[in-house]
Amino acid sequence: SLCPRRVPARRGPMMRCAAFARVSGRMAPLSRLRFSTKIEKPEELQVYKAPFGFPYRCLKVFSVSSCLFSIGCAPVLIFMGNDSIPFGARVGLAMSIVGVGIGTTTVLNWLFKPYVLKMELSNKDGKEILETTTLSFLGRKAIHPVQRENIEVVSDRLLSNWIDKSTGKDFYVHTNWEEGKEVVRNLLPMLLPPEKDGASEETKTERSYSDD
């Protein structure tokens with residue numbers, strides 16, 4: 001009873017991973033075992049989410065709210081304003097405030113109308129459909145079903161990089177976004193240049209482990 005008890009050594013992540021590989025029947029070198037969280041599941045490659053979707057929605061809600069607020073306050077400013085200010089001046093001031101609110105909301109909608117918040121691949125009637133989500137003028141979600149054969153890449157437009165040929169609607173998705181490049185390559189491979197044959201060994205190893 002006076003002898004100290006022997007405490008079993010705890011296995012670290014490296015030892016547990018090596019033991020699992022040995023039991024599974026294929027012992028891989030520890031240098032090839034990857035502990036990266038960047039490997040995405042196949043189902044995650046079916047959904048694209050814009051990196052600036054949340055800030056854009058907040059900006060859109062603020063713009064539409066300020067526009068509606070200015071429209072609602074215009075009659076109050078005209079009919080219940082200071083009597084020392086001439087009626088025509090009050091009307092002009094109210095119309096200026098309403099015009100600024102509507103103008104800024106219109107410009108924001110024109111700039112970000114093609115911006116894709118979310119895009120999901122679905123299968124309807126044996127055809128692959130890209131359910132593309134954008135925001136309307138009032139900030140509501142608008143879903144546009146797009147078939148892959150109707151996608152046309154454009155480079156001569158300032159605020160979009162592809163269009164739907166069947167409707168002529170413009171869209172924009174991020175192609176230089178490193179974290180979502182594989183998602184874009186899976187959904188819209190025509191927007192990205194083809195991968196080089198001399199890919200790095202690290203990329204090949206990660207893909208092989210994700211396939212397993």
Side-chain angles (χ1 to χ4, degrees), residues 34 36-64 102 104-212:
R34 313 300 299 178
S36 174
T37 59
K38 294 183 179 180
I39 299 177
E40 297 175 309
K41 298 180 181 179
E43 56 268 17
E44 294 179 355
L45 297 178
Q46 310 296 325
V47 180
Y48 164 87
K49 293 183 180 180
F52 302 110
F54 180 73
Y56 167 53
R57 290 193 65 185
C58 293
L59 181 62
K60 186 75 171 180
V61 170
F62 175 77
S63 177
V64 173
I102 296 177
T104 54
T105 304
T106 303
V107 171
L108 182 66
N109 179 74
W110 176 74
L111 289 174
F112 291 95
K113 187 177 181 180
Y115 192 77
V116 177
L117 294 178
K118 183 179 179 182
M119 184 167 50
E120 186 173 359
L121 181 64
S122 62
N123 195 335
K124 294 183 179 180
D125 299 331
K127 294 183 179 181
E128 290 185 343
I129 303 295
L130 292 174
E131 296 182 351
T132 308
T133 303
T134 59
L135 289 184
S136 64
F137 182 84
L138 296 178
R140 296 183 177 181
K141 290 184 178 180
I143 300 178
H144 313 275
V146 180
Q147 297 183 8
R148 281 186 170 179
E149 56 267 21
N150 293 329
I151 295 176
E152 180 180 354
V153 180
V154 293
S155 58
D156 56 344
R157 303 196 181 189
L158 181 61
L159 303 174
S160 60
N161 51 9
W162 63 280
I163 63 174
D164 182 6
K165 293 187 296 184
S166 61
T167 60
K169 185 173 179 56
D170 301 350
F171 296 98
Y172 177 83
V173 297
H174 290 269
T175 57
N176 55 351
W177 176 34
E178 190 64 30
E179 289 78 4
K181 184 173 292 186
E182 291 300 324
V183 179
V184 177
R185 191 180 299 278
N186 182 53
L187 297 178
L188 299 170
M190 66 288 296
L191 292 181
L192 296 176
E195 290 184 315
K196 297 181 180 180
D197 296 335
S200 60
E201 187 66 27
E202 182 179 356
T203 305
K204 294 180 180 180
T205 305
E206 290 185 357
R207 289 182 178 177
S208 63
Y209 274 92
S210 62
D211 294 339
D212 294 341

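Remember, predicted model here, so these are calculated numbers, not experimental data. For this chain, numbers begin at 1 and follow the sequence in order.
With sequence neighbours excluded, the residues that form a ring-ring contact (aromatic ring centres under 6.0 Å, His included) with F52 are H174. With sequence neighbours excluded, the residues forming a salt bridge (charged side-chain N to carboxylate O under 4.0 Å, His left out) with E128 are R148, listed by chain and number. The side-chain hydrogen bond (donor to acceptor under 3.5 Å, both in side chains) test applied to T132 returns no partner, not counting sequence neighbours. Scored by the side-chain hydrogen bond (donor to acceptor under 3.5 Å, both in side chains) test, S160 finds no partners at all (sequence neighbours excluded). T175 is linked by a side-chain hydrogen bond (donor to acceptor under 3.5 Å, both in side chains) to nothing, counting only residues two or more places apart in sequence or in another chain. Not a single salt bridge (charged side-chain N to carboxylate O under 4.0 Å, His left out) links K165 to another residue, sequence neighbours left out.
Considering every non-hydrogen atom in both T106 and I102, the closest pair reads OG1-O, 2.7 Å. V116 approaches A50 most closely through the heavy-atom pair O-CB, 3.2 Å. Shortest non-hydrogen contact noted between V47 and L187 is C-CD1, 4.3 Å. Closest non-hydrogen pair, L108 versus S63, comes out as CD2-CB, 3.7 Å.
The shortest side-chain heavy-atom distance between M119 and V173 falls under the 4.5 Å cut-off. For the pair K169 and I163, the minimum side-chain heavy-atom distance is 4.5 Å or more. Within the 4.5 Å cutoff, side-chain heavy atoms of F137 are placed close to those of T105. For the pair I151/D164, no side-chain contact is recorded, criterion being any heavy-atom separation below 4.5 Å from C-beta on. Within the 4.5 Å cutoff, the side chain of K141 has heavy atoms near those of the L135 side chain.
Annotation for W110: atom CH2 does not count as buried by contact number, only 12 or fewer foreign heavy atoms lying within 6.0 Å. The 12-atom threshold is not exceeded at NZ of K113, counting heavy atoms of other residues, nucleotides or ligands nearer than 6.0 Å.
For the pair K60 and Y56, the cation-pi criterion (under 6.0 Å, within 45° of the ring axis) is not fulfilled.
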(request) Could you check I129 against Q147 for side chain to side chain contact (heavy atoms under 4.5 Å, CB included), going step by step and ending with a plain yes or no? (result) CA-CA 5 Å; I129 303 295; Q147 297 183 8; 3.4 Å; yes
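One finds the CG atom of L192 at 9.5 Å from the CG atom of N176 (value rounded to the nearest 0.5 Å). Separation of atoms CG (L121) and CD (Q46) is listed at 5.0 Å; rounding is to 0.5 Å. Distance check: T134 OG1 to Y172 OH gives 15.5 Å after rounding to the nearest 0.5 Å. Separating the CD atom in E152 from the CG atom in D170 is a distance of 10.5 Å, to the nearest 0.5 Å.
Under a 3.5 Å cut-off, the side chain of N123 and the backbone N or O of K127 do form a donor-acceptor pair.
Each of Y48, W162, Y115 was scored for a ring-ring contact (aromatic ring centres under 6.0 Å, His included) with F171, with one residue passing: W162.
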